[in-house]
Amino acid sequence: MPEPTLDRLPDQLRENLRLVFVGTAASTRSAAVGHYYAHPGNRFWRALHEAGITPRRYQPSEFAALLALEIGFTDLSKSGAGMDHQIEAASIDVPGFRAKVEKYRPRTIAFTSKKAASLFYGKPSSVISLGRQQADGQFPDVFVLASPSGAASGRWTLEPWRELAAWIAA
């Protein structure tokens, strides 16, 4: 009997959030424990606090508490899990993500890797820059952040996270 398709991590979305983080898909660890950015080597929660986006360092198990700060979460693939290169292309749902944005109308979207942004924009990661993206007038403000994954350590920088913090605080 085939395994049923299920959301690996529930969306944390509601109308008019000030910020929504968008990943490619849940990591294997996040899918197993049911918390966003749960791998101990992932810098996400530390970066949020160090950049000034959250008033303290939250733990992965507290992800739902960020709704009180008007911060939400989703992924482009709600059924896949693993590292970006392990995610089946067929599970990437850009139209579904766009529909969520239209429904919930967040003010700012932050892709948590160039890979997630490249899937959304349909462009190679190499041509996508970190930081605030050119606004198109129809979509919320978009930022691309350096991946907090431990697997991306060689390209880590907190700078686009700080740029995002300054933008949402303004």
Side-chain angles (χ1 to χ4, degrees), residues 1-14 17-51 53-54 57-104 106 108-123 125 128 130 140 142-158 160-161 164:
M1 195 167 167
E3 184 179 320
T5 301
L6 57 107
D7 286 359
R8 298 296 185 157
L9 286 174
D11 284 335
Q12 291 292 297
L13 298 172
R14 67 174 190 223
L17 292 171
R18 69 184 174 118
L19 175 60
V20 172
F21 287 102
V22 184
T24 305
S27 70
T28 304
R29 169 86 176 164
S30 289
V33 300
H35 306 145
Y36 282 88
Y37 306 99
H39 191 281
N42 195 298
R43 294 178 184 86
F44 181 85
W45 298 101
R46 188 173 69 229
L48 277 187
H49 179 62
E50 288 178 6
I53 296 169
T54 58
R57 185 171 173 182
Y58 286 79
Q59 296 302 310
S61 61
E62 297 178 286
F63 73 93
L66 271 69
L67 278 175
L69 300 176
E70 297 185 53
I71 296 172
F73 296 92
T74 191
D75 293 300
L76 295 178
S77 170
K78 295 306 292 178
S79 60
M83 295 179 73
D84 284 353
H85 70 274
Q86 298 170 318
I87 306 302
E88 289 185 42
S91 76
I92 302 296
D93 185 9
V94 173
F97 168 68
R98 284 186 176 276
K100 290 174 194 178
V101 171
E102 288 176 22
K103 178 179 179 179
Y104 294 108
T108 304
I109 293 165
F111 289 104
T112 57
S113 70
K114 281 185 157 189
K115 178 64 175 180
S118 76
L119 292 166
F120 172 73
Y121 286 117
K123 299 177 184 178
S125 297
I128 294 175
L130 294 175
V142 176
F143 279 76
V144 176
L145 304 174
S147 173
S149 169
S153 292
R155 295 177 296 282
W156 172 250
T157 175
L158 190 61
W161 294 76
L164 172 62

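Within the 4.5 Å cutoff, the side chain of Ile128 has no heavy atoms near those of the Phe120 side chain. When side chains are defined from C-beta on, Tyr104 does not count as touching Leu17, because their heavy atoms never get closer than 4.5 Å. Residues Phe21 and Leu48 meet the side-chain proximity criterion, which asks for heavy atoms closer than 4.5 Å. Leu19 is listed as a side-chain neighbour of Leu164, based on a closest heavy-atom distance under 4.5 Å.
Every residue meeting the side chain to side chain contact (heavy atoms under 4.5 Å, CB included) condition with Thr157, not counting sequence neighbours, appears here in chain and number order: Leu130, Ala146, Glu159, Pro160. Qualifying side chain to side chain donor-acceptor pair (under 3.5 Å) partners for Ser77, counting only residues two or more places apart in sequence or in other chains: Ser91. Judged as a side chain to side chain donor-acceptor pair (under 3.5 Å), and not counting sequence neighbours, Thr108 has no contacts. Scored by the side chain to side chain donor-acceptor pair (under 3.5 Å) test, Ser27 finds Ser30 as partners (sequence neighbours excluded). For Glu62, the salt bridge (charged side-chain N to carboxylate O under 4.0 Å, His left out) criterion is met by Arg56, not counting sequence neighbours. Residues forming a side chain to side chain contact (heavy atoms under 4.5 Å, CB included) with Ala47 (at least two apart in sequence, or on another chain): Trp156, Leu158, Trp161. Checked against ring pair (Phe, Tyr, Trp, His ring centres under 6.0 Å), Tyr58 has no partners two or more places apart in sequence or in another chain. Every residue meeting the side chain to side chain contact (heavy atoms under 4.5 Å, CB included) condition with Ala151, not counting sequence neighbours, appears here in chain and number order: Met83, Ser149. Applying the side chain to side chain donor-acceptor pair (under 3.5 Å) rule to Thr112 yields the partners Tyr37; only residues at least two apart in sequence or on another chain are considered. Looking at residues two or more places apart in sequence or on another chain, you find a ring pair (Phe, Tyr, Trp, His ring centres under 6.0 Å) between Tyr36 and Phe63, Phe73.
The shortest heavy-atom contact between Leu76 and Ala116 is CD1-O, 3.3 Å. Nearest heavy atoms, Gly82 versus Thr28: CA-OG1, 3.5 Å. The minimum heavy-atom distance linking Gly72 with Leu67 is given by the pair CA-CD2, 4.5 Å. Nearest approach of Ser113 to Val144, heavy atoms of both residues: O-CG1, 4.0 Å. The two residues Arg18 and Leu69 come nearest to each other via the heavy atoms NE-O, 2.7 Å. In terms of heavy atoms, Ile109 sits closest to Pro106 at CG1-CG, 4.1 Å.
Note that NE2 of His49 and CZ of Phe44 are 14.0 Å apart. Values are rounded to the nearest 0.5 Å. For the atom pair Lys100 NZ and Asp11 CG, the distance stands at 3.5 Å (nearest 0.5 Å). The distance from the CD1 atom of Ile92 to the CG atom of Leu119 is 5.0 Å, given to the nearest 0.5 Å.
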Carefully, step by step, assess Gln12 and Leu66 under the rule side-chain contact (heavy atoms from CB on, under 4.5 Å).
CA-CA 9 Å; Gln12 291 292 297; Leu66 271 69; over 6 Å; no
For side-chain contact (heavy atoms from CB on, under 4.5 Å), just list the numbers for His35 and Arg29, CA-CA rounded to whole Å, side-chain angles, deciding distance to a tenth of an Å, and then say yes or no.
CA-CA 8 Å; His35 306 145; Arg29 169 86 176 164; over 6 Å; no
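Other residues, nucleotides and ligands contribute only 12 or fewer heavy atoms inside 6.0 Å of the NZ atom of Lys115.
Applying the salt bridge (Lys or Arg N to Asp or Glu O under 4.0 Å) test to pairs two or more places apart or on separate chains, those with a residue in residues 32-46 are Arg46-Glu50.
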